[in-house]
*Asks:* 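Dropping a structure here in C-alpha coordinates format, bear with me for questions.
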Number of protein chains: 2
Amino acid sequence: MAVHDVKPRPVVSKKDALVREMLERVADKWTLLVIDALEGKRDVRFSRLREAVGDVSQKMLTKTLRQLERDGLISRRVHAEVPPRVEYTLTPLGDSLGAAVCGMWKWVDAHVEDVERSRRKYDAPAQR
Amino acid sequence: MAVHDVKPRPVVSKKDALVREMLERVADKWTLLVIDALEGKRDVRFSRLREAVGDVSQKMLTKTLRQLERDGLISRRVHAEVPPRVEYTLTPLGDSLGAAVCGMWKWVDAHVEDVERSRRKYDAPAQR
DNA sequence: CAGCATCCGACATGATACTG
DNA sequence: CAGTATCATGTCGGATGCTG
(Lines give C-alpha, C1' and ligand atoms only; values in the text may rest on other atoms or scores of the structure.)
Protein backbone atom coordinates (compact mmCIF):
# COMPACT_ATOMS: atom_id res chain seq x y z
CA MET A 1 0.00 0.00 0.00
CA ALA A 2 1.14 3.44 -0.75
CA VAL A 3 0.36 7.08 -0.46
CA HIS A 4 -3.18 6.41 -1.56
CA ASP A 5 -4.14 5.38 1.93
CA VAL A 6 -3.32 8.68 3.51
CA LYS A 7 -6.72 10.22 3.94
CA PRO A 8 -6.07 13.75 5.12
CA ARG A 9 -9.79 14.34 5.73
CA PRO A 10 -12.77 12.21 6.70
CA VAL A 11 -14.69 13.19 3.53
CA VAL A 12 -17.85 12.86 5.61
CA SER A 13 -18.79 9.43 4.29
CA LYS A 14 -19.58 7.65 1.09
CA LYS A 15 -23.30 8.12 1.39
CA ASP A 16 -22.96 11.76 2.18
CA ALA A 17 -20.97 12.11 -0.97
CA LEU A 18 -23.73 10.52 -2.98
CA VAL A 19 -26.33 12.73 -1.37
CA ARG A 20 -24.38 15.76 -2.47
CA GLU A 21 -23.85 14.23 -5.85
CA MET A 22 -27.53 13.64 -6.38
CA LEU A 23 -28.29 17.12 -5.14
CA GLU A 24 -25.80 18.49 -7.60
CA ARG A 25 -27.40 16.48 -10.30
CA VAL A 26 -30.94 17.64 -9.71
CA ALA A 27 -29.65 21.15 -9.26
CA ASP A 28 -27.71 21.44 -12.43
CA LYS A 29 -28.98 23.55 -15.17
CA TRP A 30 -31.15 21.05 -17.01
CA THR A 31 -31.81 17.86 -15.07
CA LEU A 32 -34.90 19.07 -13.31
CA LEU A 33 -36.38 20.50 -16.45
CA VAL A 34 -35.81 17.22 -18.22
CA ILE A 35 -37.41 15.19 -15.46
CA ASP A 36 -40.25 17.64 -15.42
CA ALA A 37 -40.70 17.33 -19.15
CA LEU A 38 -40.79 13.57 -18.89
CA GLU A 39 -43.13 13.34 -15.94
CA GLY A 40 -46.39 11.67 -16.81
CA LYS A 41 -45.33 10.95 -20.37
CA ARG A 42 -43.79 8.03 -22.17
CA ASP A 43 -41.40 7.62 -25.06
CA VAL A 44 -40.57 11.24 -25.62
CA ARG A 45 -38.31 11.88 -28.56
CA PHE A 46 -35.08 13.76 -28.27
CA SER A 47 -36.31 16.64 -30.37
CA ARG A 48 -39.60 16.91 -28.49
CA LEU A 49 -37.66 16.94 -25.26
CA ARG A 50 -35.46 19.67 -26.55
CA GLU A 51 -38.45 21.79 -27.41
CA ALA A 52 -40.06 21.14 -24.06
CA VAL A 53 -36.98 21.96 -22.04
CA GLY A 54 -36.39 25.26 -23.75
CA ASP A 55 -33.17 26.60 -25.08
CA VAL A 56 -30.93 23.77 -24.03
CA SER A 57 -28.07 23.09 -26.39
CA GLN A 58 -28.01 19.71 -28.01
CA LYS A 59 -24.79 18.91 -26.29
CA MET A 60 -26.07 19.65 -22.82
CA LEU A 61 -29.30 17.79 -23.36
CA THR A 62 -27.40 14.73 -24.49
CA LYS A 63 -25.10 14.93 -21.52
CA THR A 64 -27.96 15.34 -19.08
CA LEU A 65 -29.82 12.40 -20.57
CA ARG A 66 -26.73 10.20 -20.40
CA GLN A 67 -26.26 10.97 -16.72
CA LEU A 68 -29.88 10.25 -15.95
CA GLU A 69 -29.65 7.03 -17.89
CA ARG A 70 -26.52 5.97 -16.10
CA ASP A 71 -28.17 6.54 -12.75
CA GLY A 72 -31.16 4.49 -13.82
CA LEU A 73 -33.57 7.39 -13.73
CA ILE A 74 -34.62 7.26 -17.35
CA SER A 75 -34.68 4.59 -20.01
CA ARG A 76 -33.39 5.21 -23.48
CA ARG A 77 -34.76 3.29 -26.43
CA VAL A 78 -33.21 3.51 -29.83
CA HIS A 79 -35.26 2.48 -32.82
CA ALA A 80 -33.34 1.12 -35.76
CA GLU A 81 -35.01 3.33 -38.28
CA VAL A 82 -33.67 5.42 -41.03
CA PRO A 83 -34.39 8.75 -39.60
CA PRO A 84 -33.15 7.68 -36.18
CA ARG A 85 -35.68 7.78 -33.39
CA VAL A 86 -34.69 7.74 -29.76
CA GLU A 87 -37.24 7.88 -27.01
CA TYR A 88 -36.85 8.58 -23.36
CA THR A 89 -39.07 7.59 -20.48
CA LEU A 90 -38.80 8.12 -16.76
CA THR A 91 -38.18 4.91 -14.86
CA PRO A 92 -40.03 4.28 -11.58
CA LEU A 93 -36.83 5.33 -9.85
CA GLY A 94 -36.76 8.57 -11.77
CA ASP A 95 -40.38 9.10 -10.98
CA SER A 96 -39.72 8.69 -7.29
CA LEU A 97 -36.92 11.21 -7.48
CA GLY A 98 -39.29 13.67 -9.06
CA ALA A 99 -41.58 13.16 -6.10
CA ALA A 100 -38.76 13.71 -3.64
CA VAL A 101 -37.81 16.95 -5.28
CA CYS A 102 -41.38 18.02 -4.70
CA GLY A 103 -40.47 18.60 -1.08
CA MET A 104 -37.95 21.21 -2.05
CA TRP A 105 -40.38 22.65 -4.52
CA LYS A 106 -43.01 23.04 -1.85
CA TRP A 107 -40.55 24.66 0.49
CA VAL A 108 -39.63 27.26 -2.08
CA ASP A 109 -43.25 27.74 -2.94
CA ALA A 110 -44.04 28.40 0.68
CA HIS A 111 -41.08 30.67 1.31
CA VAL A 112 -40.37 32.64 -1.84
CA GLU A 113 -41.65 35.73 -0.19
CA ASP A 114 -39.52 35.29 2.89
CA VAL A 115 -36.41 34.82 0.86
CA GLU A 116 -37.07 37.72 -1.45
CA ARG A 117 -37.92 40.04 1.41
CA SER A 118 -34.70 39.07 3.13
CA ARG A 119 -32.74 39.72 -0.02
CA ARG A 120 -34.25 43.12 -0.57
CA LYS A 121 -33.41 44.03 2.98
CA TYR A 122 -29.87 42.74 2.66
CA ASP A 123 -29.30 44.50 -0.63
CA ALA A 124 -30.86 47.76 0.51
CA PRO A 125 -28.39 50.61 0.18
CA ALA A 126 -27.30 51.08 3.77
CA GLN A 127 -29.78 53.77 4.68
CA ARG A 128 -28.52 56.56 6.94
CA MET B 1 -43.07 49.79 -23.44
CA ALA B 2 -39.58 48.89 -24.38
CA VAL B 3 -37.28 46.11 -25.38
CA HIS B 4 -37.42 44.73 -21.88
CA ASP B 5 -40.74 43.15 -22.59
CA VAL B 6 -39.53 41.01 -25.42
CA LYS B 7 -39.21 37.65 -23.77
CA PRO B 8 -37.67 35.37 -26.37
CA ARG B 9 -38.43 32.37 -24.21
CA PRO B 10 -40.89 31.67 -21.42
CA VAL B 11 -38.06 31.13 -18.91
CA VAL B 12 -40.52 28.83 -17.20
CA SER B 13 -41.53 31.44 -14.63
CA LYS B 14 -40.12 33.55 -11.88
CA LYS B 15 -40.88 31.01 -9.22
CA ASP B 16 -39.38 28.21 -11.22
CA ALA B 17 -36.23 30.24 -11.46
CA LEU B 18 -36.11 30.61 -7.70
CA VAL B 19 -36.72 26.93 -7.22
CA ARG B 20 -33.72 26.16 -9.38
CA GLU B 21 -31.74 28.83 -7.64
CA MET B 22 -32.46 27.37 -4.22
CA LEU B 23 -31.67 23.93 -5.50
CA GLU B 24 -28.41 25.21 -6.84
CA ARG B 25 -27.73 26.77 -3.52
CA VAL B 26 -28.30 23.69 -1.41
CA ALA B 27 -26.43 21.66 -3.96
CA ASP B 28 -23.31 23.70 -4.09
CA LYS B 29 -20.21 22.41 -2.55
CA TRP B 30 -20.65 23.67 0.99
CA THR B 31 -24.13 24.99 1.76
CA LEU B 32 -25.56 21.72 2.92
CA LEU B 33 -22.61 20.96 5.13
CA VAL B 34 -22.88 24.38 6.71
CA ILE B 35 -26.59 24.01 7.40
CA ASP B 36 -25.88 20.59 8.77
CA ALA B 37 -23.18 21.92 11.03
CA LEU B 38 -25.49 24.59 12.36
CA GLU B 39 -28.51 22.41 12.89
CA GLY B 40 -29.46 22.18 16.53
CA LYS B 41 -26.77 24.57 17.64
CA ARG B 42 -26.61 28.27 18.33
CA ASP B 43 -23.97 30.94 17.93
CA VAL B 44 -21.32 28.89 16.23
CA ARG B 45 -18.12 30.74 15.57
CA PHE B 46 -16.58 31.03 12.15
CA SER B 47 -13.59 28.94 13.08
CA ARG B 48 -15.68 26.23 14.73
CA LEU B 49 -17.81 26.11 11.65
CA ARG B 50 -14.78 25.76 9.51
CA GLU B 51 -13.61 22.82 11.53
CA ALA B 52 -17.01 21.21 11.46
CA VAL B 53 -17.45 21.57 7.74
CA GLY B 54 -14.13 20.07 6.89
CA ASP B 55 -11.56 21.37 4.49
CA VAL B 56 -13.50 24.32 3.22
CA SER B 57 -11.39 27.30 2.29
CA GLN B 58 -11.96 30.49 4.18
CA LYS B 59 -13.08 32.18 1.01
CA MET B 60 -15.71 29.64 0.19
CA LEU B 61 -17.01 29.44 3.73
CA THR B 62 -17.39 33.20 3.85
CA LYS B 63 -19.14 33.24 0.52
CA THR B 64 -21.50 30.47 1.53
CA LEU B 65 -22.35 32.17 4.79
CA ARG B 66 -23.03 35.47 3.02
CA GLN B 67 -25.44 33.85 0.63
CA LEU B 68 -27.26 32.10 3.42
CA GLU B 69 -27.45 35.32 5.36
CA ARG B 70 -28.76 37.22 2.36
CA ASP B 71 -31.50 34.67 1.90
CA GLY B 72 -32.45 34.92 5.55
CA LEU B 73 -31.44 31.38 6.37
CA ILE B 74 -28.85 32.20 8.98
CA SER B 75 -28.20 35.12 11.27
CA ARG B 76 -24.78 36.64 11.65
CA ARG B 77 -23.78 38.36 14.84
CA VAL B 78 -20.57 40.28 15.12
CA HIS B 79 -19.18 40.98 18.57
CA ALA B 80 -17.16 44.15 18.91
CA GLU B 81 -14.27 42.49 20.64
CA VAL B 82 -10.63 42.67 20.04
CA PRO B 83 -10.08 39.26 18.71
CA PRO B 84 -13.15 39.49 16.50
CA ARG B 85 -15.90 37.00 17.20
CA VAL B 86 -18.62 36.26 14.69
CA GLU B 87 -21.32 33.78 15.43
CA TYR B 88 -23.79 32.15 13.13
CA THR B 89 -27.14 30.61 13.91
CA LEU B 90 -29.77 29.01 11.73
CA THR B 91 -32.95 31.08 11.52
CA PRO B 92 -36.32 29.34 11.68
CA LEU B 93 -36.42 29.70 7.93
CA GLY B 94 -33.07 28.02 7.58
CA ASP B 95 -34.22 25.32 9.90
CA SER B 96 -37.25 24.64 7.77
CA LEU B 97 -35.06 24.40 4.69
CA GLY B 98 -32.95 21.83 6.44
CA ALA B 99 -36.10 19.85 7.05
CA ALA B 100 -37.15 20.14 3.42
CA VAL B 101 -33.82 18.86 2.25
CA CYS B 102 -34.47 15.82 4.39
CA GLY B 103 -36.80 14.58 1.70
CA MET B 104 -33.97 14.44 -0.77
CA TRP B 105 -31.74 12.93 1.83
CA LYS B 106 -34.21 10.17 2.48
CA TRP B 107 -34.62 9.50 -1.19
CA VAL B 108 -30.92 9.04 -1.64
CA ASP B 109 -30.74 6.96 1.50
CA ALA B 110 -33.43 4.70 0.15
CA HIS B 111 -32.02 4.44 -3.34
CA VAL B 112 -28.24 4.55 -3.15
CA GLU B 113 -28.12 0.92 -3.99
CA ASP B 114 -30.36 1.28 -7.00
CA VAL B 115 -28.32 4.11 -8.38
CA GLU B 116 -25.01 2.42 -7.80
CA ARG B 117 -26.19 -0.82 -9.30
CA SER B 118 -27.40 1.05 -12.34
CA ARG B 119 -24.08 2.78 -12.68
CA ARG B 120 -22.09 -0.39 -12.42
CA LYS B 121 -24.23 -1.91 -15.10
CA TYR B 122 -23.90 1.13 -17.32
CA ASP B 123 -20.18 1.34 -16.86
CA ALA B 124 -19.60 -2.36 -17.31
CA PRO B 125 -17.17 -3.04 -20.11
CA ALA B 126 -19.47 -4.22 -22.89
CA GLN B 127 -19.25 -7.93 -22.14
CA ARG B 128 -19.01 -10.32 -25.05
C1' DC C 1 -10.02 35.86 14.35
C1' DA C 2 -12.58 36.81 10.51
C1' DG C 3 -12.47 38.54 6.12
C1' DC C 4 -11.05 40.82 1.66
C1' DA C 5 -8.23 41.15 -2.73
C1' DT C 6 -5.72 38.88 -6.24
C1' DC C 7 -3.91 35.42 -9.15
C1' DC C 8 -4.57 31.12 -11.43
C1' DG C 9 -5.91 26.57 -13.07
C1' DA C 10 -9.81 23.32 -13.72
C1' DC C 11 -14.03 22.54 -15.38
C1' DA C 12 -18.74 23.55 -17.19
C1' DT C 13 -21.27 25.41 -20.88
C1' DG C 14 -22.15 27.10 -25.45
C1' DA C 15 -21.36 27.58 -30.54
C1' DT C 16 -20.06 25.34 -34.52
C1' DA C 17 -19.02 21.76 -37.78
C1' DC C 18 -19.32 17.04 -39.03
C1' DT C 19 -21.57 12.01 -39.18
C1' DG C 20 -24.33 7.27 -39.22
C1' DC D 1 -32.73 12.83 -36.36
C1' DA D 2 -29.70 12.25 -32.87
C1' DG D 3 -25.83 12.45 -31.90
C1' DT D 4 -20.01 13.20 -31.58
C1' DA D 5 -15.86 16.23 -31.83
C1' DT D 6 -13.61 20.51 -31.35
C1' DC D 7 -12.83 25.02 -29.88
C1' DA D 8 -13.76 29.34 -27.23
C1' DT D 9 -15.27 31.41 -23.06
C1' DG D 10 -16.84 32.19 -18.52
C1' DT D 11 -17.23 30.91 -13.85
C1' DC D 12 -15.86 28.37 -9.74
C1' DG D 13 -12.94 27.22 -6.35
C1' DG D 14 -8.29 26.98 -4.15
C1' DA D 15 -3.92 29.21 -2.61
C1' DT D 16 -1.72 33.12 -0.99
C1' DG D 17 -0.92 37.53 1.15
C1' DC D 18 -2.74 41.50 3.65
C1' DT D 19 -5.77 43.92 7.26
C1' DG D 20 -8.86 45.79 11.24
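Order of the sequence lines sets the chain letters (A, B, ...), proteins ahead of strands, with each chain counted from 1.
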*Asks:* Does a side-chain N or O of B/Thr62 approach OP1 or OP2 of C/dA2 to a distance below 4.0 Å, or not?
*Replies:* no
*Asks:* Under a 4.0 Å threshold between the charged nitrogen and the carboxylate oxygen, would A/Arg48 count as salt-bridged to A/Glu51?
*Replies:* yes
*Asks:* Expressed as a whole number of angstroms, how long is the span from B/Lys63:NZ to D/dT11:P?
*Replies:*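 After rounding, the reported distance stands at 11 Å.
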*Asks:* Using atom CZ of B/Arg50 as one end and atom C1' of D/dG13 as the other, report the distance to the nearest whole Å.
*Replies:*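 In whole Å, D/dG13 C1' lies 13 Å from B/Arg50 CZ.
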*Asks:* Could you tell me how far apart B/Glu51 (CD) and C/dA2 (C1') are, to the nearest whole angstrom?
*Replies:*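 Those two atoms, CD and C1', are 14 Å apart.
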*Asks:* Given atom CZ of B/Arg48 and atom C1' of C/dA2, what is their separation to the nearest angstrom?
*Replies:* 14 Å
*Asks:* Salt bridge or not for A/Glu87 and A/Arg85, using N-O below 4.0 Å?
*Replies:* yes
*Asks:* Measure the distance from CE on A/Met60 to P on D/dA8 and round it to the nearest whole Å.
*Replies:* 17 Å
*Asks:* Given C/dG3, C/dT13, D/dG14, identify the nucleotide with an atom nearest to the side chain of A/Lys59.
*Replies:* C/dT13
*Asks:* Could you check whether B/Lys106 pairs with B/Asp109 (Lys NZ or Arg NE/NH1/NH2 to Asp/Glu carboxylate O, under 4.0 Å)?
*Replies:* no
*Asks:* Apply side chain to side chain contact (heavy atoms under 4.5 Å, CB included) to the pair B/Met22 and A/Trp107, showing each step before the final yes or no.
*Replies:* CA-CA 10 Å; B/Met22 290 310 302; A/Trp107 184 90; 3.9 Å; yes
*Asks:* Side-chain N or O of B/Arg45 less than 4.0 angstrom from OP1 or OP2 on C/dA2?
*Replies:*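 B/Arg45 to C/dA2 OP1/OP2: side-chain N or O found under 4.0 Å.
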*Asks:* Got a sec? Which of residues 65-88 of chain B come in under 4.0 Å of DNA chain D, heavy atoms?
*Replies:*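 Result for residues 65-88 of chain B: B/Pro84, sorted by number.
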*Asks:* Is any side-chain nitrogen or oxygen of A/Trp30 closer than 4.0 Å to OP1 or OP2 of C/dG14?
*Replies:* yes
*Asks:* May I ask you to say whether B/Glu21 pairs ionically with A/Arg119, meaning some side-chain N is under 4.0 Å from a carboxylate O?
*Replies:*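 Counted as a salt bridge, because a side-chain N and a carboxylate O are separated by less than 4.0 Å.
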*Asks:* Nearest-Å distance, CZ (B/Phe46) to P (D/dG20)?
*Replies:* 18 Å
*Asks:* Between C1' on D/dG13 and CG on B/Leu61, what's the gap in Å once rounded to a whole number?
*Replies:* 13 Å
*Asks:* Answer yes or no: is there a donor N or O on one side and an acceptor on the other, between the side chain of B/Arg25 and the main chain of B/Thr31, under 3.5 Å?
*Replies:*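 Checked: no pair found.
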*Asks:* What pairs of donor and acceptor atoms, side-chain ones from residues 58-66 of chain A against any protein atom, are under 3.5 angstrom apart with sequence neighbours left out?
*Replies:*
residue, atom, partner, partner atom, Å
A/Gln58, NE2, A/Thr62, OG1, 3.3
A/Thr62, OG1, A/Gln58, O, 2.9
A/Thr64, OG1, A/Met60, O, 2.8

